[in-house]
Visitor: 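There's a structure below that I have some questions on.
Computed from a predicted model, the values in this text were never measured in an experiment.
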Amino acid sequence: QAAKGRHMAERRTLVTACIASLACVSVMWPAMAQDDDNLVQNFDFEDGNGPWSVWVEDGGAGVDHKDDNGEAFSGKNSYMIDIFNAGGGQRVELHQDPFLLEAGQQMTFALWLKSDKVRPAKMIVNHRADPWTSYGSADIMIMDGDWEEHWIPVDVTANDDIVGIYLELKDTKGVVWVDRVRFYEGEYFPEEGYGEPQAVDAHAKLALSWGSIKTDR
C-alpha cells in the first residue's frame, strides 16, 4: 500500500508540474489518468472551443462547428457540428489529444449526443500517428430528438503519449450536438443525476435505425 501511495503521488506530481507550465497547458494538454478523474479538457464546452478540433476529409463538404449556447444537455453550451453542404461520403471528425497513458490501463470514453436526424457515427481512441494503433472503437447510432449517452471500453496496450479520442461522422447533411465528454480510468459508471446510457452494442436497434437513414446530397 505504501509503494502504491508513492506511485500515485509521483503521478500526481507529474500532472501538477505539467499544469503549472503554461506552455504545456496551452500547446499539449497532456494528463495522466488516475482515480476515475475525467481527463477531457473543456468536457462540457462551457469554455468555448479549445482544445477541441474538427477535421474535414472532403474539401468540398461545408461544415460549420462551434460551441452552441442554444442547445445543451447540461450547463449553457454544447458543441455543434453542422454539415450544411454534403461531401462525397468522407469523414468529419471531432478530436481532442494528446493524452499520456500507460500500458495496461483500462479506460472509458463516454459522451452525450443528439442529432436532427438518425445517423451513424463511430467512437475511436487511438495512437495519433502511424501506425494509428486502436485502443478502442465502436459503431454507434445517433438518434434524433433526445440526448443519449454512448460509451466504449478502452484497453491501452502500450505506453503512449499521443493518445486521442474522437467522434467520426460522415459528411452527409445534418447537425450533431455533443456534450459532457468523459475519458477516465476504470469501468463505465453513469454520472449521478445525468440519466442512463444507451448501449453501443444494441444491434437490433442499430439495424432498425440504419434502415431509416436518409442521405441528403
Visitor: Going by atom types only, do T108 and R182 share a side-chain donor-acceptor pair under 3.5 Å?
Guide: no
Visitor: If you round to the nearest 0.5 Å, how far is CG of L113 from NE2 of H150?
Guide: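 The distance works out to 5.0 Å.
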Visitor: Do any pairs count as a salt bridge (Lys or Arg N to Asp or Glu O under 4.0 Å) and have a residue in residues 79-94, sequence neighbours left out, and if so which ones?
Guide: E57-R91, R91-E93
Visitor: Is F189 reachable from W151 through a run of I, L, V, M, F, W or Y residues, each pair having side-chain heavy atoms under 4.5 Å apart?
Guide: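 Yes, same cluster.
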Visitor: Go through the structure and list residues passing side chain to side chain contact (heavy atoms under 4.5 Å, CB included) with A72, not counting sequence neighbours.
Guide: D179
Visitor: For D155, enumerate each residue passing the side-chain hydrogen bond (donor to acceptor under 3.5 Å, both in side chains) test, keeping only those at least two apart in sequence or located in another chain.
Guide: Q106
Visitor: State the CD-NE2 distance between E168 and H95, to the nearest 0.5 angstrom.
Guide: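 Taking CD in E168 and NE2 in H95, the distance rounds to 8.5 Å.
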Visitor: Answer yes or no: is there a side-chain heavy-atom contact under 4.5 Å between W147 and W177?
Guide: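 Result yes, sub-4.5 Å side-chain heavy-atom pair found.
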Visitor: Rounded to the nearest 0.5 Å, how far apart are CG of D144 and CG of D116?
Guide: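 Interatomic distance, D144 CG to D116 CG, rounded to 0.5 Å: 8.0 Å.
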Visitor: Kindly write out the residues that satisfy side chain to side chain contact (heavy atoms under 4.5 Å, CB included) with D67, not counting sequence neighbours, or none if the list is empty.
Guide: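 In terms of side chain to side chain contact (heavy atoms under 4.5 Å, CB included), with neighbours along the sequence ignored, D67 is linked to N49, N77.
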Visitor: Given S78, which of V176, D68, D44 fulfils the side chain to side chain contact (heavy atoms under 4.5 Å, CB included) condition?
Guide: D68
Visitor: Quick one: salt bridge (charged side-chain N to carboxylate O under 4.0 Å, His left out) partners of K122, sequence neighbours excluded?
Guide: none
Visitor: Assess the residue pair Y188 and E149 against the criterion (side-chain hydrogen bond (donor to acceptor under 3.5 Å, both in side chains)); give the C-alpha distance rounded to whole Å, side-chain angles, the decisive distance to 0.1 Å, and a yes or no.
Guide: CA-CA 11 Å; Y188 171 81; E149 185 177 34; 2.7 Å; yes
Visitor: Taking the side chain as every heavy atom from C-beta outward, state whether M80 and V175 have any pair of such atoms under 4.5 Å apart.
Guide: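 Yes; the side chains approach each other to less than 4.5 Å.
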Visitor: Who are the side chain to side chain contact (heavy atoms under 4.5 Å, CB included) partners of N159, not counting sequence neighbours?
Guide: E102, A103
Visitor: Do I165 and D97 have side chains that get closer than 4.5 Å, going by heavy atoms?
Guide: no
Visitor: Residues two or more places apart in sequence or in another chain: which of them pass side-chain hydrogen bond (donor to acceptor under 3.5 Å, both in side chains) with S74?
Guide: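 Counting only residues at least two positions away or on another chain, S74 forms a side-chain hydrogen bond (donor to acceptor under 3.5 Å, both in side chains) with R180.
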Visitor: Under 4.5 Å between side-chain heavy atoms, chaining through other members, with only Ile, Leu, Val, Met, Phe, Trp and Tyr counted: pull out the rest of the cluster around Y166, sorted by chain and number.
Guide: I124
Visitor: List for me each residue that meets ring-ring contact (aromatic ring centres under 6.0 Å, His included) alongside F109, sequence neighbours excluded, and say none if there are none.
Guide: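 Here no residue qualifies.
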Visitor: So, using ring-ring contact (aromatic ring centres under 6.0 Å, His included) as the criterion, who are the partners of F183 when residues are at least two apart?
Guide: F99
Visitor: As a quick check of understanding, evaluate side chain to side chain contact (heavy atoms under 4.5 Å, CB included) for R119 and M141, giving each step before the final call.
Guide: CA-CA 6 Å; R119 64 185 301 140; M141 191 66 69; 5.6 Å; no
Visitor: Applying side chain to side chain contact (heavy atoms under 4.5 Å, CB included), name anything that partners A129, two or more places apart in sequence or on another chain.
Guide: H127, I162
Visitor: Which value, rounded to the nearest 0.5 Å, describes the distance between I83 atom CD1 and D171 atom CG?
Guide: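 If we round to the nearest 0.5 Å, I83:CD1 and D171:CG are 6.5 Å apart.
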Visitor: For K114, which residues count as a side-chain hydrogen bond (donor to acceptor under 3.5 Å, both in side chains) partner, sequence neighbours excluded?
Guide: E71
Visitor: Can you tell me how far apart CD1 (I152) and OH (Y135) are? Round to the nearest 0.5 Å.
Guide: 13.5 Å
Visitor: Return the CG to CG distance between L101 and D161, rounded to the nearest 0.5 Å.
Guide: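 Answer rounded to 0.5 Å: 9.5 Å.
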